[in-house]
Amino acid sequence: MTDEKQARSANIFDVARLAGVSHQTVSRVLNDLPNVRPATRARVEQAIAQLRYSPSPAARALVTRRTRTIGLVAPGVSDYGPTSVATAFNFAARAERYSVETVSALDPDPAAVREVIESLLRQRVDAIVLIVVDIGVLEVVRGLDLSIPVVAAAATARRSPLIVSIDQYRGARSAVRHLAELGHTRILHLAGPQRAPDAVERIRGWRDELGSRRLEVVEPRHGDWSAASGYRLGADLDIGPGAAVFASNDHMSIGLLSALRERGLRVPEDVSVVGFDDVPEAGYLYPALTTVRQDFASLGELMMQKVLIAVEEPDSVTEDTPLPTHLIVRNSTRPQGPTPSAAERLSPS
């Protein structure tokens with residue numbers, strides 16, 4: 001048998017025969033499990049090297065009954081937040097020696113999501129992770145009764161041990177608080193899609209912060225997260241000097257800035273603007289955008305930690321503690337009052 005043919009045909013049973021052990025022992029070595037004597041482990045590793053054996057997921061599962069594969073249900077959109085979370089989760093899974101089978105749910109309809117989940121179950125994944133961008137999908141997650149763990153990244157006011165999130169509600173309140181403390185009393189909101197959990201929680205935070213300060217609540221205008229929708233809404237927004245806008249994400253803020261500029265309204269001299277996300281471009285806009293930063297990398301890592309605990313320590317109970325946001329103050333907001341002259345800006349205080 002040539003080396004090339006040997007490498008192609010070697011399987012876990014070949015390794016077991018060459019090492020003089022059972023295939024279960026080989027699988028224990030492959031999965032780095034305890035209860036294998038050092039001398040036996042060395043023989044198995046030598047046989048693997050000699051045969052140039054590359055174990056399949058099925059072979060790894062012979063003892064553990066696990067495939068070390070996670071099914072990821074990602075939304076069928078290219079929005080910055082969900083894409084960043086999915087990327088971070090993939091990196092975190094790879095670091096733990098898990099592979100990720102990603103399926104995009106192009107239709108957020110609950111029936112379509114269930115179909116995607118069933119397709120992953122047929123692949124014998126060890127756990128399912130969902131990035132939720134529609135409140136209907138969140139209800140599907142709550143109703144699932146599967147034999148494997150399910151972890152969801154979703155913004156919600158209802159806590160659950162297997163839901164991970166970034167605190168959209170308090171992030172929105174921090175944005176509105178910043179604007180109110182600058183002296184703004186009319187703070188409008190450009191919201192995201194009505195069925196998006198993030199948008200729902202940001203609206204709730206915006207309303208509650210305004211309510212706590214007894215400020216006027218003008219019904220929010222809904223966009224679709226895109227700069228185009230921010231521009232469209234900003235073009236006919238009922239706004240004038242002295243007002244402020246809290247936009248539900250940075251891309252909508254970008255469109256809004258363009259629309260306000262075309263209307264002759266200066267930011268921040270006439271109108272203060274706050275976004276949400278802190279996309280990489282936010283600090284390079286003109287003016288640089290004040291925004292609420294989300295830590296998508298940490299969210300992806302937290303999702304993987306939840307999976308590991310659920311799969312490897314199923315009797316453990318974890319808590320749902322939303323990750324905090326951070327307000328990043330830049331040049332798109334300023335205190336209310338007349339714009340200082342050049343002489344006033346240069347004069348000593």
Side-chain angles (χ1 to χ4, degrees), residues 79-85 87-88 153 155 164-184 187-192 196-210 212-213 215 220 223 225-227 229-231 233-234 243-261 265-302 321-337:
D79 294 335
Y80 178 74
T83 301
S84 299
V85 174
T87 300
V164 299
S165 62
I166 295 174
D167 201 334
Q168 310 295 325
Y169 173 78
R170 286 181 174 79
R173 291 199 68 155
S174 71
V176 178
R177 185 182 310 118
H178 170 66
L179 292 169
E181 290 175 349
L182 291 177
H184 293 285
I187 303 173
L188 307 180
H189 183 40
L190 298 190
D198 286 358
V200 170
E201 283 300 287
R202 291 171 198 169
I203 290 173
R204 190 167 71 90
W206 167 76
R207 284 187 186 277
D208 285 359
E209 187 64 29
L210 289 180
S212 71
R213 296 173 179 275
L215 296 178
W225 299 131
S226 70
S229 70
Y231 176 83
L233 294 174
V245 182
F246 165 43
S248 200
N249 78 336
D250 288 349
H251 284 104
M252 291 176 67
S253 298
I254 292 171
L256 172 66
L257 291 175
S258 180
L260 293 177
R261 186 164 50 247
L265 291 169
R266 301 167 300 167
V267 176
E269 292 84 359
D270 299 325
V271 178
S272 287
V273 174
V274 177
F276 209 106
D277 283 342
D278 195 28
V279 299
E281 302 86 355
Y284 301 95
L285 299 174
Y286 185 78
L289 184 65
T290 295
T291 186
V292 178
R293 177 177 294 166
Q294 301 194 76
D295 191 344
F296 296 116
S298 291
L299 184 63
E301 292 168 1
L302 180 59
T321 303
L323 296 174
T325 58
H326 301 281
L327 180 70
I328 307 299
V329 178
R330 297 193 178 102
N331 297 334
S332 65
T333 55
R334 56 156 285 177
Q336 281 296 280

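Owing to the predicted nature of the structure, the values given are computational and were not obtained by experimental measurement. Count residues from 1 along the sequence.
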[X]: which residues meet the ring pair (Phe, Tyr, Trp, His ring centres under 6.0 Å) condition with it, sequence neighbours left out?
X	value
Tyr231	none
Tyr169	none
Phe246	His189

Considering non-hydrogen atoms only, spot the tightest contact between [X] and [Y] and give its length.
X	Y	answer
Ala180	Arg213	CB-CD, 3.6 Å
Glu209	Ser212	O-OG, 2.8 Å
Gly300	Ala88	CA-CB, 4.0 Å
Ala259	Gly234	CB-C, 3.6 Å

Which residues pass the side-chain contact (heavy atoms from CB on, under 4.5 Å) test with [X], sequence neighbours left out?
X	answer
Ala244	Leu179, His184, Ile187, Ser272
Ser174	Arg177, Val292, Leu327
Arg330	Asp278, Ala282, Ala288, Thr290, Thr291, Arg293, Ile328

Atom pair [atom1]/[atom2] of [X] and [Y] - distance to nearest 0.5 Å:
X	Y	atom1	atom2	result
Ile203	Asp208	CD1	CG	12.0 Å
Thr87	Phe296	OG1	CZ	11.0 Å
Leu256	Asp250	CG	CG	11.5 Å
Leu299	Ser165	CG	OG	7.5 Å
His251	Tyr80	NE2	OH	8.5 Å

Per the side-chain contact (heavy atoms from CB on, under 4.5 Å) rule, which among Leu257, Leu285, Leu190, Ile254 passes with Val273?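 Between Val273 and the candidates, side-chain contact (heavy atoms from CB on, under 4.5 Å) is satisfied uniquely by Leu257.
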I want to check something: taking the side chain as every heavy atom from C-beta on, are [X] and [Y] in contact at a cut-off of under 4.5 Å?
X	Y	result
Gln168	Gln294	yes
Leu182	Arg334	no
Leu323	Asp167	no

Determine, stepwise, if the pair Asn249 / Met252 fulfils side chain to side chain contact (heavy atoms under 4.5 Å, CB included). CA-CA 6 Å; Asn249 78 336; Met252 291 176 67; 3.0 Å; yes
Decide if atom CZ of Arg170 counts as having more than 12 heavy atoms of other residues, nucleotides or ligands within a radius under 6.0 Å.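 Check fails, neighbour count at 12 or below.
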Step by step, would you call Val267 with Arg261 a side chain to side chain contact (heavy atoms under 4.5 Å, CB included)? CA-CA 8 Å; Val267 176; Arg261 186 164 50 247; over 6 Å; no
Would Trp225 and Ser248 count as a side chain to side chain contact (heavy atoms under 4.5 Å, CB included) if you check the C-alpha gap in whole Å, the side-chain angles of each, and the deciding distance to 0.1 Å? CA-CA 8 Å; Trp225 299 131; Ser248 200; 3.4 Å; yes
So does Pro82 get a backbone contact from the side chain of Asp79, meaning a donor-acceptor N/O pair under 3.5 Å?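 Checking the backbone N and O of Pro82 against the side chain of Asp79, no donor-acceptor pair under 3.5 Å is found.
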